Structure formats: structure tokens, C-alpha cells
Amino acid sequence: MEQDDTARVTVPKALTEIAARSPRVVVLTGAGMSAESGLATFRDPHAGLWERFSPQALASASAWEDDPELVWAWYLWRFERIEHVAPNAGHVAIARWGRGADVSVVTQNVDDLHERAGSADVVHVHGAIASFRCSVCEAPYAEPIDVPDEPVERLPPPVCRVCGGLVRPGVVWFGEVLPVDAWTRAVALVSEADLVVVVGTSGIVYPAAGLPAIARSEGAVVIEINPDRTDVSDMVHHTWHETAARALPALVGSFLPAG
Ligand code: BV8
């Protein structure tokens, strides 16, 4: 778990006031939310075997069609990484906030770090890596997944017990539509929220990148927490250039009594 260094973080007063008076909160997260847990973002150069592939290229239905063994091995590497990291202080702070207010998480991340931190209401608009299913008949695949000791560049995916099709990770690939139930709920949540906190997303991938604008058009206050400017920075009410694991514990700690 991250070393607690919120002591040095000064929370903008306006953010504490807004957060303290907002009964219905949505936290919209991207890859930056899990960066301080040790998971690479989509902007970070991918180390090792896959550094010559852009994540976006590998995370696509066409890549799966062309080379399922390459795509499967990449997702197995990411699945194994996720299993060996822990939620950071930012994930924990959101879960704590959820015990004092109506807080829902809408995430683009395919990891389960929000749930492992204790967040009860998490909507995965881009799926969840561990929900393996058949790429042909969609049957869930619940068998244990063999993860090689060392990452390998190519690995044959398991075979579906129902139809013999190849098993794929439960994520939404570029060029694929988002799960209707998750998307519908995400739009409803940001449309009814008093406050939407956008954490660790570059705001480039659609339709998820359109959620902050929907929230604002429906009357929510929208704040952004990100060390860098993003494609949504121009349309939010406040941007706080800070990291997720430093900003969120300090923000929640500034209005929720310890405990
Ligand atoms: C679709 C799952 C119907 C898989 C993912 C409209 C305009 C233009 C293009 C389109 C459009 N509509 C559709 C498209 C096409 C495409 C798209 O958006 N392309 C983009 C690239 C231009 N969208 C789709 O294909 C979507 N499907 O629309 O279906 C359709 C189909 C075809 C054509 C028309 C319509 C499906 C998109 C979902 C793809 N699957 N993930 C997997 O994970 O492997 S997307 C994946 O990439 C992530 O889920 C995430 O959404 C995205 C990465 O973005 P971020 O999470 O924002 O992360 P990123 O690395 O970019 O940035 C990190 C940020 O964190 C940075 O800002 C950094 O500063 C910050 N940061 C770093 N450290 C920290 C931090 N912040 C805080 N703390 C820190 N410590």
C-alpha cells in the first residue's frame, strides 16, 4: 500500500466545500487511477515484450482476428500484473468516501482495484479483464487460467468447452460497442450526480470521454484530478494538478472525520 504522504498535499478550499456538500458523487476513473499501484497507463511506453506494439493496436478486435496468440499473451501479462498489485491510497479514499455519501465509480479500467479497495458500486464501461468468455458463443469461461512463469510473446488462448471457440478477456476492444447496461447506467449516474470527479484519464477515448460534458450539461459540478492537462480540462469547473493517490486521501480527509 502507498506510503501516506498526503501531509504535504494542500487541498484547494473550493474542492473541500463542493465535496462536503455533494450528496450524490460519481468518480470517473482512467488508467492514471491505477498508475500508483504500478500498472502502466495507455500513454506509458509498454515495457518488455510488447514495447513495439501500441496498447491501442493490441486492444482491438482486428488484432485478435489477426493474431489471437499475441493478444492473449498480452492480456495474460496484464492479468498477472493486476493480480500482483494492490489498490493505492486513492482507491482506498474513494471507498471511504462511499461509506459517508452516495458515491459511485464509473471506470474505464479493466482491473478490479476499486472493488478490492472496498468500493461497492463500480461500473466498468470497458469491461473487466478477468471476466473471460468465449469469443464465439459468449459462454463465460470459469476454468483456472494458466499463467506462464515468465511472460511470453505468444500463447494459444484456452478453448471454449461449449463451442470450441477461442476464449478472450472480458474487455471492450477498440471498434467494439460498449456493454449497453454499463453504458446506460454510466450516463444515468453522471446525469443525476451533484459532483463528478474525473481522475486519471486523458479524455481521448469515446464515448467514455463524453461523460464529463454530459454531467456538466445536466448541472453537475465537474472537477478533474490529473498531474497533466487533458482533453477534458477545458470543460471542467476545477482542475487539480495532483496524482490520484496523493489528492484523493487529502480531499476526503479534508471533510470526512477520521475513522
Ligand atoms: C465504440 C479496454 C462503436 C481494453 C479500452 C468519436 C471520436 C473519435 C473516435 C471514436 C469516436 N467514437 C468511437 C471512436 C473510436 C474509438 C476511440 O475513441 N478512439 C480514440 C482513440 C480516438 N472508440 C471505440 O472504439 C469504442 N467503441 O465507439 O464502438 C463504434 C465503433 C467504431 C467506430 C465508431 C463507433 C471502444 C473504446 C474502448 C476501448 N477499450 N479499454 C483494454 O484496457 O485493454 S480503452 C482503454 O484506453 C482504457 O480503457 C481507457 O479508456 C483508454 C486509455 O485512456 P485513459 O484511461 O484515459 O488512460 P491514458 O493512458 O490515455 O491516460 C492516462 C492519464 O492519467 C493521463 O492523462 C495522465 O496524465 C494521467 N495520470 C498518469 N499518472 C497519474 C495520472 N492521473 C492521476 N494520478 C496519477 N498517478
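All values reported here derive from a predicted model rather than from experimental measurement. Start at 1 and go down the list; that is how both ligands and their atoms are numbered. Heads up: numbering here begins at 1 and tracks the sequence.
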Inset, instruction - Report yes or no: does Arg161 contribute a side-chain atom to a donor-acceptor pair with the main-chain N or O of Val159 at less than 3.5 Å? - result: yes
Inset, instruction - Indicate yes or no for a side-chain donor-acceptor contact from Thr41 to the backbone of Ala31 under 3.5 Å, with no hydrogens or angles considered. - result: no
Legend entry - Contacts of type side-chain hydrogen bond (donor to acceptor under 3.5 Å, both in side chains), residue Ser254, not counting sequence neighbours: Thr16
Legend entry - Nearest-0.5 Å distance, CG of residue Asn109 to CG of residue Leu39: 8.5 Å
Legend entry - Val26: hydrophobic cluster co-members (side-chain, 4.5 Å): Leu28, Val106, Val123, Val125, Val172, Leu178, Trp183, Val187, Leu189, Val190, Val196, Val198, Leu211, Ile214, Val222, Val232, Met235, Val236
Inset, instruction - Give the protein residues with at least one non-hydrogen atom closer than 4.0 Å to an atom of ligand 1, ordered by chain and number. - result: Gly30, Ala31, Gly32, Ala35, Glu36, Thr41, Phe42, Arg43, Gln56, Ala59, Tyr75, Arg78, Gln108, Val110, His126, Val171, Val172, Trp173, Phe174, Gly175, Glu176, Val177, Leu178, Gly200, Thr201, Ser202, Ile204, Val205, Tyr206, Pro207, Asn226, Pro227, Asp228, Thr230, Thr243, Ala244
Legend entry - Results of ring-ring contact (aromatic ring centres under 6.0 Å, His included) for Phe132 - residues two or more places apart only: Trp72, Phe79
